[in-house]
Amino acid sequence: MATATNNEFFEALAALEKERGLPEDYLIDKIKAAIVIAVKKDYNVEDENVIVDIDPELGTFRASLAQEIVEEVENPYTQVSLEDAQRVRKTYRVGQRMITALKTKEFGRIAAQTAKHVIRQGLREGERSLQYNEMQSRAHEIISATVVSIDPERGNVVLDLGKGGSAVLPRNEQVPGESFTEGQVVQVYVVDVIATERGPRITISRTHPGLVKRMFELEVPEIYDGTVEVKAIAREAGARTKMAVYSKDPNVDPVGACIGAHGSRVEKIVSELGGEKIDIIRWSEDITAFISAALSPAKVVKVELLPGETKSCRVTVPDHQLSLAIGNKGQNVRLCAHLTGYNIDIRPESGYYGEDE
């Protein structure tokens, strides 16, 4: 390849790296593969008969055909006779390979088109790979996204995620009652990222408990630095979240750290969630103490763990606290069960609606 063409080739390579953000090594590998395919097709040979050397530092680009030197030629494409080889170089011997430099123009129109296609395909793959890596690094994170369009019938919302492309926020991953407008910036939680042939498929949510957990991790330094740990979280989006926290440092109050001075930290998150109530509970290894705390704001008289394979317990509360413990439409006890992993049977202290004992 002529020097001027070389310069143009490597300038184009550098421009692609800069404009598309594709690594030079990746591009070179794809271009080599494209040229190998083109030569194979044009010269009817195999991979091992094609040598492609591209060195951007030296600015060199060579494509060569390698043929085995034999006494008797059986395949004129992959083999060459000793007599013909020695016309090129007298020192050639049987068993060696004769290397013939190829001129780019000899690849022909079909070969050039093949190379272009493979390079173009490679660029798309590279972009998808970079996009996937970009989004994979943000899995289980909160990202800001812009509303592109809203499906009025299904209620699904298409969001622009920036470099990560776009994703659909389904109706069932939206907080009940919230509405969106085109151009609005919303915070979403990246639940999962899966690589597909069409690029990364991103699952996003505004109802996932991870959204609230991540908000606290970003807002509370003690969680961010690992002093306070979020042990469990249960959420009914738009209504209430219960979060159990534990401190590795006996001098740090995990609940107080999450609430903040005068409630500043938790209030900020409640505001971002549109007024969703948040109960912050002290986690305990003692499951009865944990269940008692998890039923907050209700007070608990007694927790009895029930025998059997399933995790179940009976909780006794003062009569006047019964409706508070159960919560509106059973929400409080339901969240408590999700948080602790126990089936919970709530009884009033008077036992007025029937005791088993």
Side-chain angles (χ1 to χ4, degrees), residues 207-217 219-220 222-223 226-260 263 265-267 269-270 273 275-357:
T207 63
H208 197 282
L211 179 74
V212 181
K213 181 183 178 185
R214 197 74 187 99
M215 282 180 169
F216 273 98
E217 287 171 353
E219 187 63 34
V220 180
E222 291 87 347
I223 296 179
T227 306
V228 172
E229 187 181 343
V230 178
K231 286 285 193 179
I233 189 163
R235 184 183 185 207
E236 291 194 4
R240 194 177 214 108
T241 289
K242 283 184 183 283
M243 188 172 79
V245 290
Y246 166 77
S247 175
K248 295 173 184 175
D249 184 343
N251 298 316
V252 175
D253 171 20
V255 175
C258 294
I259 292 171
R265 291 173 178 172
V266 73
E267 279 175 15
I269 293 169
V270 166
L273 294 172
E276 184 174 316
K277 292 180 176 65
I278 299 175
D279 298 337
I280 300 167
I281 294 135
R282 188 185 299 272
W283 180 85
S284 173
E285 284 185 1
D286 179 350
I287 189 61
T288 59
F290 182 28
I291 292 167
S292 295
L295 271 170
S296 171
K299 305 297 179 192
V300 172
V301 175
K302 184 172 61 175
V303 175
E304 299 168 83
L305 301 181
L306 301 176
E309 289 183 11
T310 58
K311 291 181 175 180
S312 300
C313 67
R314 178 180 299 148
V315 177
T316 305
V317 298
D319 289 21
H320 68 282
Q321 296 267 304
L322 182 64
S323 60
L324 187 64
I326 294 169
N328 184 27
K329 297 178 181 176
Q331 186 188 77
N332 194 57
V333 70
R334 194 162 56 243
L335 282 170
C336 180
H338 287 162
L339 191 74
T340 61
Y342 271 74
N343 294 319
I344 298 169
D345 175 24
I346 294 188
R347 301 293 179 96
E349 203 169 6
S350 63
Y352 67 83
Y353 68 84
E355 286 286 352
D356 294 339
E357 297 165 354

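Residues take their numbers from the sequence shown, with the count starting at 1. As the structure is a prediction and not an experimental result, all values here were calculated from the model.
- From T310, atom OG1 reaches atom OH of Y342 across 10.0 Å, with rounding to the nearest 0.5 Å.
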Give the intermediate values and the outcome of side chain to side chain contact (heavy atoms under 4.5 Å, CB included) for residues I346 and L295.
CA-CA 10 Å; I346 294 188; L295 271 170; 3.9 Å; yes
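- We find that E276 and R235 are joined by a salt bridge, their nearest charged nitrogen and carboxylate oxygen being less than 4.0 Å apart.
- Taking the side chain as every heavy atom from C-beta outward, I223 and V230 approach each other to under 4.5 Å.
- Counting heavy atoms from C-beta outward, D345 and V315 have side chains that stay 4.5 Å or more apart.
- Side-chain contact, T227 with D249: no donor N or O sits under 3.5 Å from an acceptor N or O.
- V301 places none of its side-chain heavy atoms less than 4.5 Å from the side chain of V317.
- Under the 3.5 Å distance criterion, the side-chain polar atoms of D319 are matched with a main-chain donor or acceptor of S350.
- A distance of 11.5 Å separates CD of E349 from CG of L322, quoted to the nearest 0.5 Å.
- Residue I280 comes nearest to V245 through the heavy atom pair CG2-CG2, 3.8 Å, listed as atom of the first residue, atom of the second, then distance.
- Using a cut-off of 4.0 Å between Lys/Arg side-chain N and Asp/Glu carboxylate O, D279 and K277 are scored as not salt-bridged.
- In this structure, the side chains of T288 and C313 stay at 4.5 Å or more apart for every pair of heavy atoms.
- Considering all non-hydrogen atoms of both residues, I281 and A293 come closest at CG2-CB, 3.4 Å.
- The backbone N or O of V252 lies less than 3.5 Å from a partner atom in the side chain of S247, making a donor-acceptor pair.
- With respect to the salt-bridge test (charged N to carboxylate O, under 4.0 angstrom), the residues E222 and R265 qualify.
- By the 4.5 Å heavy-atom criterion applied to side chains, V212 and I233 are counted as neighbours.
- Using a 4.5 Å heavy-atom threshold, the side chains of T241 and L335 count as separate.
- Residues E219 and I269 meet the side-chain proximity criterion, which asks for heavy atoms closer than 4.5 Å.
- Atom CD1 in I291 sits 11.5 Å away from atom CD in E304 (nearest 0.5 Å).
- In this structure H338 satisfies the ring-ring contact (aromatic ring centres under 6.0 Å, His included) test with no other residue, sequence neighbours excluded.
- Atom-to-atom distance recorded for Q331:CD and K329:NZ is 9.5 Å, nearest 0.5 angstrom.
- Here K213 contributes atom NZ and M215 contributes atom CE; the two are 14.5 Å apart, rounded to the nearest 0.5 Å.
- Scanning both residues, K248 and P250, for their nearest heavy atoms gives O-CD, 3.7 Å.
- Counting all heavy atoms, side chain and backbone alike, A294 lies closest to T340 at CB-CG2, 3.9 Å.
- The side-chain heavy atoms of I278 and F216, taken from C-beta on, include a pair separated by under 4.5 Å.
- The two residues C258 and V220 have their closest heavy-atom pair at CA-CG2, 4.0 Å.
- The salt bridge (Lys or Arg N to Asp or Glu O under 4.0 Å) pairs that include a residue from residues 280-299 are D253-R282, where partners are two or more places apart or lie in different chains.
- Put simply, CG on N332 and CG on L324 are 6.5 Å apart, with the number rounded to the nearest 0.5 Å.
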